[in-house]
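On a predicted model such as this, the values are computed, not experimentally measured, just so you know. The basis for the numbers below is simple: all heavy atoms, side chains too, and nothing from hydrogens, waters or symmetry mates.
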Amino acid sequence: FFESALEIAEQTASNSVDCIETIVAKFREDMSGISQGIDLVDATCLVSAQNFRSIGLQLEQEREAFKEVEDSLANDLFAERQAREETTQLIDTLSDWIGELEGV
């Protein structure tokens, strides 16, 4: 009876060890999958960060180009105002001359 009980205990222990080894192997496999998933998320975040930096640089370049156009338009507007003032002064001067000539 004791030999039979001992064999059953040994078989149970062997089965338990096999079961634990299977659980550990499955856990390692799952952890490997989780690690790969983390690596994939990390790579995705890195690409997203690079894309955001690229978009940020592109927006900065566009802002600088817009600023150049804005400055150019402001300069053109200033030049137009000066030309208008000079034209007005010239018209006033010509009007004065014409008035003087008519008075002569």
Side-chain angles (χ1 to χ4, degrees):
F1 169 75
F2 290 112
E3 288 180 13
S4 177
L6 184 60
E7 284 180 24
I8 291 172
E10 286 176 353
Q11 185 62 41
T12 301
S14 176
N15 287 344
S16 294
V17 168
D18 289 345
C19 183
I20 290 170
E21 287 175 346
T22 301
I23 290 170
V24 167
K26 181 65 176 154
F27 177 76
R28 286 184 179 149
E29 183 180 310
D30 289 349
M31 289 307 293
S32 175
I34 290 170
S35 178
Q36 289 174 353
I38 290 171
D39 290 345
L40 180 61
V41 168
D42 187 43
T44 301
C45 288
L46 180 63
V47 168
S48 293
Q50 289 171 341
N51 287 342
F52 282 128
R53 273 190 229 109
S54 176
I55 290 169
L57 290 173
Q58 191 174 12
L59 287 173
E60 181 64 24
Q61 290 171 348
E62 289 180 18
R63 186 188 71 76
E64 288 175 11
F66 179 80
K67 180 71 174 140
E68 289 175 13
V69 169
E70 184 180 39
D71 290 346
S72 176
L73 289 173
N75 289 337
D76 290 350
L77 182 62
F78 179 75
E80 183 180 331
R81 284 181 183 158
Q82 277 187 322
R84 194 175 291 168
E85 285 178 20
E86 290 172 4
T87 303
T88 301
Q89 288 175 355
L90 183 59
I91 290 172
D92 289 345
T93 302
L94 288 174
S95 292
D96 290 347
W97 289 350
I98 292 172
E100 288 177 12
L101 288 174
E102 288 176 345
V104 170

| task | Please check if W97 and L90 belong to a single hydrophobic cluster, counting links between Ile, Leu, Val, Met, Phe, Trp and Tyr side chain heavy atoms closer than 4.5 Å. | result | yes
Which atom pairs, one a donor and one an acceptor, fall under 3.5 Å between side chains of residues 26-33 and the rest of the protein, sequence neighbours left out?
{"from": "K26", "atom 1": "NZ", "to": "D30", "atom 2": "OD1", "distance (Å)": "3.4"}

| field | Where at least one partner belongs to residues 80-94, residue pairs that pass side chain to side chain donor-acceptor pair (under 3.5 Å), sequence neighbours excluded | value | E80-R84
| field | Of all pairs that satisfy side chain to side chain donor-acceptor pair (under 3.5 Å), the ones with a partner from residues 69-78, not counting sequence neighbours | value | K67-D71
| Which distance, rounded to the nearest 0.5 Å, do you find between the OG of S48 and the CZ of R53? | 10.5 Å
| message | Test of understanding: with side chain to side chain contact (heavy atoms under 4.5 Å, CB included), list the residues that count as partners of L59, not counting sequence neighbours. | response | I55, E62
Taking distance alone, no hydrogens or angles, what donor-acceptor pairs closer than 3.5 Å link side-chain atoms of residues 35-47 to residues at least two apart or in another chain?
{"from": "T44", "atom 1": "OG1", "to": "L40", "atom 2": "O", "distance (Å)": "2.8"}

| If you look only at pairs with a residue in residues 5-15, which of them pass as a side chain to side chain donor-acceptor pair (under 3.5 Å), with sequence neighbours excluded? | Q11-N15
